[in-house]
Amino acid sequence: METSRRPRNDRLASLLFMGTGLWLWVNEHKPLRGRALNAAYAMGGVAAMVLGGILSSVAGMWILSGLFFVLVVLLIIGIGSYFTQTSGE
């Protein structure tokens, strides 16, 4: 049974769109101060973790990819709870 392999353009597209979205958000909120700066740092951290997961997936290191996935989920939960708690300030 022959299976066709999909090209890995979907990973490249996800990186491109993630970077473009981050760039657009940062340019819209210049100069970054206070809450916007904290959000930019948080989005950069999530983007770095997702990039690590994608690169380790491409390299075939599935355990490391799973670790990055768990870290991304924990980071998103932590960021969400932080910004939910500080929304009144």
Side-chain angles (χ1 to χ4, degrees):
M1 182 166 115
E2 185 177 325
T3 60
S4 62
R5 295 187 60 113
R6 283 188 348 188
R8 296 188 177 178
N9 292 336
D10 55 344
R11 293 182 182 128
L12 180 62
S14 67
L15 288 175
L16 178 69
F17 289 129
M18 184 172 48
T20 303
L22 185 60
W23 178 78
L24 286 171
W25 189 87
V26 167
N27 282 336
E28 178 66 28
H29 290 89
K30 279 188 177 178
L32 294 177
R33 291 190 188 113
R35 189 171 169 88
L37 184 60
N38 289 340
Y41 286 146
M43 287 192 302
V46 170
M49 290 289 175
V50 169
L51 176 64
I54 289 174
L55 293 177
S56 63
S57 171
V58 168
M61 295 183 260
W62 298 107
I63 293 176
L64 187 59
S65 295
L67 179 64
F68 274 117
F69 175 73
V70 169
L71 290 174
V72 165
V73 169
L74 291 174
L75 189 59
I76 289 172
I77 291 170
I79 290 168
S81 65
Y82 171 76
F83 282 106
T84 302
Q85 291 174 359
T86 60
S87 64
E89 296 177 8

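Only a predicted model underlies this, so the values are computations on that prediction, with no experimental measurement involved.
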Cut-off 3.5 Å, no hydrogens considered: what does the side-chain donor-acceptor table look like for residues 46-53, sequence neighbours left out?
none

Exercise for the section: Looking only at non-hydrogen atoms, find the nearest pair between N38 and Y82 and report the distance. Expected result: ND2-OH, 3.4 Å

Exercise for the section: Only pairs at least two apart or in different chains count here, so list each side-chain hydrogen bond (donor to acceptor under 3.5 Å, both in side chains) that has a residue in residues 63-75. Expected result: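 Those involving residues 63-75 are S56-S65.
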
Side chains of residues 68-81: which donor-acceptor partners sit under 3.5 Å, not counting sequence neighbours?
from, atom 1, to, atom 2, distance (Å)
S81, OG, I77, O, 3.3
S81, OG, G78, O, 2.9

Handout entry: Connected hydrophobic set around I63, excluding itself, where side chains approach under 4.5 Å
Key = none

